[in-house]
Amino acid sequence: MNITPFQQKVYDFVQTIPKGETATYKNVAVGIGHPKAYRAVGSALNRNPFIGRVSCHRVIKSNGQIGGYVLGTNKKLELLKKESLNS
DNA sequence: ATCATGACTAATG
DNA sequence: CCATTAGCCATGA
């Protein structure tokens with residue numbers, strides 16, 4: 001399963017997010033050079049082949065709401081909470 | 001090449 | 001604050 005450059009950029013950017021910090025899908029899209037591809041970003045993470053490797057849980061919606069998570073939004077929230085506490 | 005789908009966003013009522 | 005509409009993009013069939 002060859003991943004596309006787009007996904008590669010997304011995963012790379014997500015892994016760049018410092019611990020305890022969160023980025024929105026739009027922010028990621030802009031960061032990778034696709035300010036209008038926030039939709040594709042979500043899709044890429046959804047199809048994230050590195051599930052469990054990439055910190056996809058640090059990506060949330062622009063309105064501050066938790067987007068989704070393959071392992072469960074609650075899990076995502078917990079992880080963010082923990083990472084957000086201690087540095 | 002075309003259609004349908006989705007972890008989205010912004011604007012409007 | 002909640003619901004609806006329109007816009008935009010990459011992916012898979």
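Every chain is numbered from 1, with letters handed out A, B, ... down the list of sequences.
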Would you mind writing out the side-chain donor-acceptor pairs for residues 72-79 of chain A within the sub-3.5 Å range, not counting sequence neighbours?
unit_1, atom_1, unit_2, atom_2, d
A:K76, NZ, A:V59, O, 2.5
A:K76, NZ, A:G68, O, 3.2

Which atoms of nucleotides 10-13 of chain B (N or O only) lie under 3.5 Å from a protein N or O atom, and what are those distances?
unit_1, atom_1, unit_2, atom_2, d
B:dA10, OP1, A:K26, NZ, 2.9

Q: May I ask you to test the A:I66-A:L80 pair for a side-chain heavy-atom distance under 4.5 Å?
A: yes

Q: Assign A:A40 to base, sugar-phosphate, or nothing according to its heavy-atom contacts below 4.0 angstrom with the strands shown.
A: base

Q.
At a heavy-atom distance below 4.0 Å, what parts of residues 45-53 of chain A sit against DNA chain B?
A. A:L45, A:N46

Q. Any N or O donor-acceptor pair linking the side chain of A:Y25 to the base of B:dA7 at under 3.5 Å?
A. yes

Q: Just jot down the ring-ring contact (aromatic ring centres under 6.0 Å, His included) partners of A:F6, sequence neighbours excluded, or say none.
A: A:H34

Q: Name all residues meeting the ring-ring contact (aromatic ring centres under 6.0 Å, His included) criterion together with A:Y11; count only those two or more places apart in sequence or in a different chain, and write none if there are none.
A: A:F50

Q | Sequence neighbours excluded, every pair satisfying salt bridge (charged side-chain N to carboxylate O under 4.0 Å, His left out) that has a member inside residues 2-11 of chain A | A | none

Q: Starting from C1' on B:dT9, measure out to CG on A:N27 and report it in whole angstrom.
A: 13 Å

Q: Under the side-chain contact (heavy atoms from CB on, under 4.5 Å) rule, collect the residues that match up with A:N63, sequence neighbours excluded.
A: A:K61, A:Q65

Q: Would you mind listing every side-chain hydrogen bond (donor to acceptor under 3.5 Å, both in side chains) that reaches into residues 48-60 of chain A, with sequence neighbours excluded?
A: A:H57-A:E83, A:R58-A:E83

Q: Anything under 4.0 Å to a heavy atom of chain A counts; send over the first and last such nucleotide of DNA chain C, read 5' to 3'.
A: C:dG7 to C:dG12

**Q.** Partners passing side-chain contact (heavy atoms from CB on, under 4.5 Å) against A:E21 (at least two apart in sequence or in another chain)
**A.** A:I17, A:P18

Q: Sorted by first residue and then second, give each salt bridge (charged side-chain N to carboxylate O under 4.0 Å, His left out) pair with at least one member in residues 43-52 of chain A; sequence neighbours left out.
A: none

Q: Figure out the CG/P separation between A:L77 and B:dA7, and round it to whole Å.
A: 18 Å

Q. Pairs in or reaching into residues 60-86 of chain A: which pass ring-ring contact (aromatic ring centres under 6.0 Å, His included), with residues at least two apart or in two chains?
A. none

